[in-house]
*Asks:* 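For reference, the structure I am asking about is given below.
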Amino acid sequence: MKRQNVRTLSLVVCTFTYLLIGAAVFDALESDEEARRDVMLKDATWALKLKYNISEEDYRMMELVIIEYKPHKAGPQWKFAGAFYFATVVLAMIGYGHSTPVTAGGKAFCMGYAMVGIPLGLVMFQSIGERLNKFASVVIRQFKKYMHCQRIEATEMNLMFATGMLSSIIITTGAAVFSRYEGWTYFDSFYYCFVTLTTIGFGDYVALQNDHALQNQPGYVALSLVFILFGLAVVAASINLLVLRFMTMNAEDIRREDTELQSSSHHVLTLDGEVMAVNGKLLAGHAYDDDVDVDRMSVCSCNCLGLNHGDNQELLLDTSYHPSQTVLAGNAGHLKVKRASV
C-alpha cells in the first residue's frame, strides 16, 4: 500500500478517535451542569408564573420578545459600522450569529457575498501569511548571524516557533484589551480571542455589543477589526507552514515510490518484444516456435543456442540504469556483443 494511502487512513482513524475522546470529555464536563441549569430555570419559570399570575401563552410571548430584542439592546446593527463588522465576520468565516439578515434580499445577498468573499479572504490571509513567514525568516537569519551561529538558515521549526509566539502575544494582548472594554474576566476574554482567531465563532461572547459601542466608540471598533484581520493573518501563517510541511512529505513519498519503480524496472530483459526477468522467468506471453529444440535452449529460457542460420533474433538488455549498455545479438549461431544507444 502506498505511503500516501497509509497516511490518509491514519489521519482518518486519528481524527475519529480524537472526536470520540472529545465527545467523552465534553460529556463528562458539561452534561451535569446542563441538567442543573435546566432544573434551575424551570424552577425560576414556575415561580415567575405563580408570582405574577402569567398564563403559558403570555409567558411564551415574553420569551419571544426578549429573544428578538436582544440584538437591538446593543444599538443599531446595520448602520455602516455594524454592517462593516458583519461583513468582516462573514468574510473571515467566524459567524458569531449576533446579528443576521432578516429580509429575503439581505439573505440572498449574504449568500452571494459569502461565495465570492470567503475565497477572496482565504487567498488574502494565505498571501499575508506567506509574507509574514518570509519576514520572520529574514529576522531569524539576522538573529542567528548576530549570535554567530554556524547555520543561519531559518528552519521550519524556527518559523513555527516564531509564528506561534506571535499568535500567543496577539491573543494575550487582545484578551487584556477586551477584558477592559467589555467587562469580561481575563479567562473569558482569552476564550473569546481564541474562538475568534480560530474562526470557530460560537457567539456566546461577542465584542462591540455593549453601550452602543458600534456608534459611540469608533476607535474601539477599529481596534477590534484590526485584531480580527491581523490575528487571522498570523494564524494563516502558522497554517501555511503546516500545509507546506504536509505537501513536502507527500512529495517525498511520491519521489521515493518513483525511485523504487525505476529500480525494479532495471531487472527486466526484453526478448523479441516480450518481457522477462533477469532470472529467466517469462513475465509476458513469450511463446516459442514449435521447431525449436528445447534441449538446446540455454538456461536463460531463450533459444540463443538454437538459432537457425536464417534467423536474426536479439536479446536486448534494458540498461537504462547501468552505464555499460550492451546488446546481445545472435546471428547464425554466433553471439555478438555491441553497445546499445541510449
*Asks:* When you group the ILVMFWY residues by side-chain heavy-atom contacts below 4.5 Å and let the links chain together, are Leu229 and Leu122 in the same group?
*Replies:*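 Leu122 does not cluster with Leu229.
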*Asks:* When hydrophobic residues are tied together by side-chain contacts of less than 4.5 Å, even through go-betweens, does Phe202 share a cluster with Tyr85?
*Replies:*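 Yes, one cluster joins them.
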*Asks:* With a 6.0 Å cut-off on ring centres, are Trp78 and Phe86 close enough?
*Replies:* yes
*Asks:* Sub-3.5 Å donor-acceptor pair from the side chain of Ser179 to the main-chain atoms of Ser189, do we have one?
*Replies:* no
*Asks:* Please determine which of Tyr192, Phe230, Phe227 meets the side-chain contact (heavy atoms from CB on, under 4.5 Å) test together with Leu197.
*Replies:*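 Looking at Tyr192, Phe230, Phe227, the match for Leu197 under the side-chain contact (heavy atoms from CB on, under 4.5 Å) is Phe227.
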*Asks:* Step by step, would you call Tyr181 with Asn210 a side-chain contact (heavy atoms from CB on, under 4.5 Å)?
*Replies:* CA-CA 9 Å; Tyr181 279 93; Asn210 294 328; over 6 Å; no
*Asks:* Nearest heavy-atom pair of Glu68 and His72: which atoms, and what distance?
*Replies:* O-CD2, 3.4 Å
*Asks:* Applying side-chain hydrogen bond (donor to acceptor under 3.5 Å, both in side chains), name anything that partners Ser99, two or more places apart in sequence or on another chain.
*Replies:* none
*Asks:* Any chance CE of Met40 has more than 12 other-residue heavy atoms, nucleotides or ligands included, within less than 6.0 Å?
*Replies:* yes
*Asks:* Any ion pair linking Lys42 and Asp38 (charged N to carboxylate O, less than 4.0 Å)?
*Replies:*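 A salt bridge links Asp38 with Lys42.
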*Asks:* Got more than 12 heavy atoms from elsewhere within 6.0 Å of CG, Asp211?
*Replies:*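 Incorrect, the count does not exceed 12.
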*Asks:* Give me the atom names and distance for the closest heavy-atom approach of Asn133 to Ala237.
*Replies:* ND2-O, 3.3 Å
*Asks:* Donor-acceptor pair, Thr100 side chain versus Gly97 backbone, under 3.5 Å?
*Replies:*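 No; zero donor-acceptor contacts below 3.5 Å.
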*Asks:* Going by side-chain contact (heavy atoms from CB on, under 4.5 Å), name the residues that satisfy it together with Ala114, two or more places apart in sequence or in a different chain.
*Replies:*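 Per chain and number, Ala114 pairs via side-chain contact (heavy atoms from CB on, under 4.5 Å) with Val90, Ile118.
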*Asks:* Transitively linked via ILVMFWY side-chain contacts under 4.5 Å: Val226 with Met124?
*Replies:* no
*Asks:* Report yes if the distance between the aromatic ring centroids of His98 and Tyr205 is under 6.0 Å, otherwise no.
*Replies:*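 No, ring centres 6.0 Å or more apart.
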*Asks:* Would Leu214 and Phe80 satisfy side-chain contact (heavy atoms from CB on, under 4.5 Å), going step by step from the backbone distance to the final call?
*Replies:* CA-CA 9 Å; Leu214 288 170; Phe80 184 79; over 6 Å; no
*Asks:* To the nearest 0.5 Å, how far apart are CG in Asp27 and CD in Glu34?
*Replies:*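 With rounding to 0.5 Å, CG (Asp27) is 9.5 Å from CD (Glu34).
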*Asks:* Hey, are the side chains of Phe125 and Glu130 touching, using non-hydrogen atoms and a 4.5 Å cut-off?
*Replies:*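 No. Closest side-chain heavy atoms not under 4.5 Å.
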*Asks:* What's the shortest heavy-atom distance between Ile128 and Ala233, and which atoms?
*Replies:*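 So the minimum-distance heavy-atom pair works out to CG2-CB, 3.4 Å.
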*Asks:* Test your reading of the model: is there a side-chain donor-acceptor pair from Gln215 to the backbone of Pro76, 3.5 Å cut-off?
*Replies:*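 Yes, because the side chain of Gln215 sits within donor-acceptor range (under 3.5 Å) of the backbone of Pro76.
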*Asks:* Charged N to carboxylate O under 4.0 angstrom, Glu33 versus Arg37?
*Replies:* yes
*Asks:* Does the side-chain contact (heavy atoms from CB on, under 4.5 Å) test come out yes or no for Ile170 and Leu166, once each step is laid out?
*Replies:* CA-CA 6 Å; Ile170 292 174; Leu166 185 57; 4.2 Å; yes
*Asks:* Hey, mind stepping through Arg131 and Phe135 against side-chain contact (heavy atoms from CB on, under 4.5 Å) and telling me if it holds?
*Replies:* CA-CA 6 Å; Arg131 295 301 92 199; Phe135 176 75; over 6 Å; no
*Asks:* Is any side-chain heavy atom of Phe161 closer than 4.5 Å to a side-chain heavy atom of Ile140?
*Replies:*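 No, too far: nothing below the 4.5 Å cut-off.
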*Asks:* With a cut-off of 6.0 Å (strictly less than), are more than 12 heavy atoms of other residues, nucleotides or ligands near OH of Tyr186?
*Replies:* yes
*Asks:* Crowded around Phe84 CZ? As in, over 12 foreign heavy atoms under 6.0 Å?
*Replies:* no
*Asks:* About how many Å separate OH of Tyr113 and CG of Leu120, when rounded to the nearest 0.5 Å?
*Replies:* 8.5 Å
*Asks:* Nearest 0.5 angstrom please: Leu232 CG to Thr88 OG1, how far?
*Replies:* 10.0 Å
*Asks:* Closer than 4.0 angstrom, basic N to acidic O: yes or no for Glu57 and Arg60?
*Replies:* no
*Asks:* Any chance you could measure Leu208, atom CG, to Gln77, atom CD, to the nearest 0.5 Å?
*Replies:* 9.0 Å
*Asks:* Could you tell me the separation between the NZ atom of Lys107 and the CE atom of Met111, rounded to the nearest 0.5 Å?
*Replies:*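 The CE atom of Met111 is 9.0 Å from NZ of Lys107, to the nearest 0.5 Å.
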*Asks:* Answer yes or no: does atom NZ of Lys49 have more than 12 heavy-atom neighbours from other residues, nucleotides or ligands under 6.0 Å?
*Replies:*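 Counting neighbours around NZ of Lys49, more than 12 heavy atoms of other residues, nucleotides or ligands fall under 6.0 Å, so yes.
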*Asks:* Quick check: does any side chain N or O of Thr163 sit under 3.5 Å from a backbone N or O of Met160, one acting as donor and the other as acceptor?
*Replies:* yes
*Asks:* Do Tyr220 and Val89 share a hydrophobic cluster (ILVMFWY, side-chain heavy atoms under 4.5 Å, transitive)?
*Replies:* yes
*Asks:* Quick check on the hydrophobic clustering: are Leu223 and Ile228 connected, directly or via other members, by side-chain heavy-atom contacts under 4.5 Å?
*Replies:*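 They do share one cluster, since a chain of ILVMFWY contacts under 4.5 Å joins Leu223 to Ile228.
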*Asks:* Can you tell me which residue pairs pass the side-chain hydrogen bond (donor to acceptor under 3.5 Å, both in side chains) test with a partner in residues 147-161, sequence neighbours excluded?
*Replies:* Lys144-Asn158, Thr155-Asn158
*Asks:* In Å, rounded to the nearest 0.5 Å, how long is the span from OG1 of Thr45 to OH of Tyr59?
*Replies:*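 Between Thr45 OG1 and Tyr59 OH, I get 3.0 Å after rounding to 0.5 Å.
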